[in-house]
Participant: 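Got a structure here, written out as structure tokens. Questions coming.
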Amino acid sequence: MENKKVRVRFAPSPTGGLHLGGVRTVLFNYLFAKQNNGSFIVRIEDTDQTRFVAGAEQYIFDCLQWCGLIPDESPVNGGPFAPYRQSERKPIYKSYALELIEKGYAYYAFDTPEQLEEKRKTIPNFQYNHQTRKQCINSLSLSPEEVLEKLAANVPYVIRIKMPEHETVTCNDMIRGTVTFDTGLTDDKVLLKADGMPTYHLAVVVDDYLMQISHAFRGEEWLPSAPIHILLWKYLFGLDKMPQWAHLPLILKPDGNGKLSKRDGERLGFPVFAMDWTDPSTGNTTTGFKERGFLPEAFVNMLAMLGWNNGSEQEIFSLTELIENFSIERIHKGGARFDYEKAKWFNHSWLQQLPVQHYADKVKPYFEKAGIHINNDNYLHQVMDLVKERCQLLPDFVTQSSFFFQHPEQIDTAAINGKWNAAKQQFFVELIRNLELATSWDAENLEKDFKEMAAAHQLKPGELMLPFRIMLVGGKFGPHVFDIAAAIGQAATIHRIKHTLQLLS
RNA sequence: GGAGCGUUGGUCAAGGGGUUAAGACGCAUCCCUUUCACGGAUGAAUCACGGGUUCGAUUCCCGUACGCUCUACCA
């Protein structure tokens with residue numbers, strides 16, 4: 001075990017959008033693999049045909065791509081243990097299920113779903129377990145002849161694990177330490193379904209073995225079924241080959257109780273999925289962090305800090321730094337509530353520390369959507385540098401800087417009107433004249449001249465700055481006025497002053 | 001109902017037998033800035049509760065409460 005190559009896997013079901021918690025599971029898998037020169041595998045767990053959703057698999061890979069968490073082996077880029085889709089591995093599982101029956105650790109069960117439904121209805125807290133299996137229709141209650149007969153007649157059956165009546169199973173979890181279970185308390189889970197597909201329980205064990213997985217990370221919701229998996233490992237491959245388990249804490253909703261769901265995002269107005277997900281059956285789109293204007297660096301960083309930290313005060317980590325710093329021992333045991341405000345703060349921080357060139361192409365589409373065409377990248381970069389500190393999300397660049405590219409649509413004249421007078425009017429009329437004569441055009445000289453003029457008119461510069469700002473940007477926001485004037489240029493500056501003067505008269 | 005897991009400010013959290021119980025987000029007030037933002041400052045926790053062990057417990061042990069997860073031919 002000690003010298004075994006590190007191989008980890010993320011095993012999603014392609015049934016819909018990729019949830020925050022899912023991405024975090026990917027991230028922890030990825031960090032651990034990269035830190036140990038191991039491999040990160042993505043295996044698609046599509047054993048439930050009834051839940052198959054077209055496009056969901058491709059969508060998952062798109063999300064991983066966006067996050068920069070690229071698998072070493074997967075259905076799309078292949079690998080030595082292909083196929084990586086469980087539906088394509090269907091024949092493999094049955095032999096293991098039969099092996100379990102042979103060894104006496106599993107049995108055929110012929111109860112129909114309706115019969116089980118009936119039992120659950122009539123018997124309170126019905127469990128298919130060591131106490132009740134004799135009253136059910138299976139190879140334990142039937143005679144060997146009857147079983148053979150049914151099998152020969154192609155009566156549908158499932159294969160169930162025969163949980164020991166009373167045995168203690170311990171799970172050595174890397175996060176939680178030793179967790180013990182009494183096998184008698186778990187029911188005889190179905191291992192192989194009537195359609196010949198394995199359930200998660202069988203598939204995960206078989207594939208983790210076949211794919212030589214060394215460490216298995218998964219959500220805490222799987223902890224209660226760990227004894228089934230451990231027993232299966234013991235029966236089939238030996239405990240010494242079993243991967244080390246790590247059950248990750250859950251991500252909880254910001255308010256109320258329970259784990260974070262897609263619904264919470266819709267209710268509270270924030271994304272829960274990594275990227276936009278459109279349900280093919282309804283056509284409804286659920287927004288993702290990407291489309292909402294998050295940088296992948298920030299998204300990944302934020303996720304890492306939900307349930308883990310390295311003990312220092314550092315909160316901003318690049319993926320490379322995360323790989324260096326990550327440690328399973330420092331993963332929390334308790335669930336963490338998701339805080340969208342903090343998520344935005346991470347994005348803001350990344351917007352500041354990354355050069356704008358790095359993400360300028362990502363903000364362009366938002367400008368396009370607003371009808372603003374960017375034809376000068378240098379100018380865009382210059383503007384972005386001016387406004388980035390007041391942006392949290394990518395679309396904020398549009399609201400914060402549209403006036404750099406076009407004349408403001410609305411001028412908040414009400415903000416000027418109250419204190420407007422003839423003297424100020426006079427000042428701006430003369431300002432226009434001066435600006436028209438200006439030979440140089442930079443923020444510093446603009447400001448100097450403006451203040452000198454104000455002094456000559458016996459006006460305080462402060463009283464004039466706000467009107468000037470309103471003229472140029474349309475409202476009370478934005479960077480320093482003279483930086484704006486310098487950036488938009490002589491003609492636009494003069495035009496905007498004139499325009500507002502007209503509105504005021 | 002049962003089993004498992006968890007519980008440090010509103011949130012993320014550091015810490016760990018003796019401390020003024022870090023820091024971040026958010027919030028409030030103030031400073032800077034005659035815009036917005038950034039930046040800076042200040043403020044807010046009887047460490048879920050009750051018993052032990054101990055000279056001393058938020059830290060160790062046991063209970064209780066509360067919360068979460070699971071309890072499908074779903075993963």
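Residue numbering restarts at 1 for every chain, and letters A, B, ... go by the order of the sequence lines.
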Participant: Could you measure between the two P atoms, the one in B:rU71 and the one in B:rG15, and give it in whole Å?
Facilitator: 34 Å
Participant: Sticking with atom P, work out how far B:rC47 lies from B:rA41, rounded to a whole angstrom.
Facilitator: 27 Å
Participant: Do any N or O atoms from the side chain of A:T199 and from the backbone of A:L192 form a donor-acceptor pair under 3.5 angstrom?
Facilitator: no
Participant: Could you tell me whether A:T180 contacts a base, only the sugar-phosphate backbone, or nothing, with contacts defined as non-hydrogen atoms closer than 4.0 Å?
Facilitator: sugar-phosphate
Participant: Using 30° and 60° as the class boundaries, would you call the ring planes of A:F338 and A:Y340 parallel, tilted or perpendicular?
Facilitator: tilted
Participant: In whole Å, measure the gap between the P atoms of B:rC60 and B:rG18 for me.
Facilitator: 11 Å
Participant: To check you understand the geometry: which heavy-atom pair defines the closest contact between A:H407 and A:R496, and what is its length?
Facilitator: ND1-NE, 2.9 Å
Participant: Do you know the tightest heavy-atom contact between A:F317 and A:N301?
Facilitator: N-OD1, 3.0 Å
Participant: Atom CH2 of A:W345 and atom P of B:rG10: how far apart are they, to the nearest Å?
Facilitator: 21 Å
Participant: Give every pair of a protein N or O atom and an N or O atom of nucleotides 32-34 of chain B that lie under 3.5 Å apart, one pair per line with the distance.
Facilitator:
from, atom 1, to, atom 2, distance (Å)
B:rU34, O4, A:G462, N, 3.2

Participant: Take atom P in B:rA65 and the same atom in B:rA22, then report the distance between them in whole Å.
Facilitator: 33 Å
Participant: Nearest whole Å is fine: how far is B:rA72 C1' from A:R51 CZ?
Facilitator: 11 Å
Participant: Could you write out each protein N or O paired with an N or O of nucleotides 11-13 of chain B at a distance under 3.5 Å?
Facilitator:
from, atom 1, to, atom 2, distance (Å)
B:rC12, OP1, A:R337, N, 2.9
B:rC12, O2', A:M305, O, 3.3
B:rA13, OP1, A:G307, N, 2.8
B:rA13, O3', A:N309, ND2, 2.8
B:rA13, O3', A:H332, NE2, 3.4

Participant: Would you measure the distance from the C1' atom in B:rU19 across to the matching atom in B:rC30 and give it in whole Å?
Facilitator: 29 Å
Participant: Taking the same atom, P, in B:rA24 and in B:rU58, what whole-Å distance lies between them?
Facilitator: 26 Å
Participant: Before we go on, tell me: are the rings of A:Y359 and A:W350 under 6.0 Å apart, centre to centre?
Facilitator: no
Participant: Using the 3.5 Å cut-off, write out each protein N or O paired with an N or O of nucleotides 29-31 of chain B and the distance between them.
Facilitator:
none

Participant: Reading RNA chain B from 5' onward, which residue's closest nucleotide shows up sooner: A:D182 or A:P198?
Facilitator: A:D182
Participant: Looking at every strand, decide which applies to A:V179 at a 4.0 Å heavy-atom threshold: base, sugar-phosphate, or nothing.
Facilitator: sugar-phosphate
Participant: Using the P atoms only, state how far B:rG40 lies from B:rA45, rounded to an integer number of Å.
Facilitator: 23 Å
Participant: Which part of the nucleic acid, if any, lies within contact of A:T399, taking any heavy atom under 4.0 Å across all strands shown: a base, the sugar-phosphate backbone alone, or nothing?
Facilitator: nothing
